[in-house]
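Data block below; observations after.
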Amino acid sequence: PRPSGQLYYRANLSHVVSVKIAAGFGIISSSDASYNGAVNEARDHNFTTVYNDLTVMAEYNFLDYKYNSKDDVYKLSPYATFGLGVLSYN
């Protein structure tokens with residue numbers, strides 16, 4: 001296991017629209033020595049990569065979704081999500 005994580009902030013702009021901004025990081029690694037096979041032994045490759053990502057997403061709730069109190073009528077709503085993300089790694 002390698003460390004990874006994500007921090008995000010979500011803002012509800014109205015009862016039907018919200019925006020989420022997320023930033024993540026992590027480390028991915030693997031080695032051919034971890035697997036058996038002629039190809040893995042011949043290649044004998046390993047790598048470790050650090051990655052960072054940034055995502056901006058917008059969410060549209062089809063019902064008048066409210067999350068103000070337990071007495072609100074609509075506690076569930078179908079929704080659509082749209083977003084863009086950028087990933088960098090070395």
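Here F25 pairs with nothing under the ring pair (Phe, Tyr, Trp, His ring centres under 6.0 Å) rule; sequence neighbours left out. For R43, the salt bridge (Lys or Arg N to Asp or Glu O under 4.0 Å) partners are D32, not counting sequence neighbours. Listed by chain and residue number, R2 satisfy the side-chain hydrogen bond (donor to acceptor under 3.5 Å, both in side chains) test with S29 (two or more places apart in sequence, or in another chain).
The line from OG of S34 to CG of N46 is 9.0 Å long, rounded to the nearest 0.5 Å.
The aromatic rings of F47 and H45 sit parallel to each other, their planes meeting at less than 30°, with 60° as the upper class boundary.
Enclosure of atom CG in N36 is not indicated, since only 12 or fewer non-hydrogen atoms of other residues, nucleotides or ligands lie within 6.0 angstrom. By the neighbour-count criterion of 12 heavy atoms within 6.0 Å, atom OH of Y89 is sparsely surrounded, having that number or fewer from other residues, nucleotides or ligands. Atom OH of Y79 sits in a sparse spot, with 12 or fewer heavy atoms from other residues, nucleotides or ligands closer than 6.0 Å. Around CG of L7, the count of heavy atoms belonging to other residues, nucleotides or ligands within 6.0 Å does not exceed 12.
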Check your understanding: Between Y8 and I21, is a side chain to side chain contact (heavy atoms under 4.5 Å, CB included) present by the stated rule, with each step listed?
Key -> CA-CA 5 Å; Y8 71 91; I21 300 171; over 6 Å; no

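Nearest heavy atom pair, residue V19 against residue L13, reads CG2-CD1, 3.5 Å. Of all heavy-atom pairs between L63 and S77, the closest is N-OG, 3.1 Å.
Looking only at side-chain heavy atoms (C-beta outward), Y60 and S18 stay at 4.5 Å or farther from each other. Put simply, the side chain of L84 does not reach to within 4.5 Å of the side chain of T55, judged on heavy atoms. Counting heavy atoms from C-beta outward, P3 and I27 have side chains that approach closer than 4.5 Å.
Y51 and V86 fall into different hydrophobic clusters, where Ile, Leu, Val, Met, Phe, Trp and Tyr are joined by side-chain heavy atoms under 4.5 Å apart, directly or via other members.
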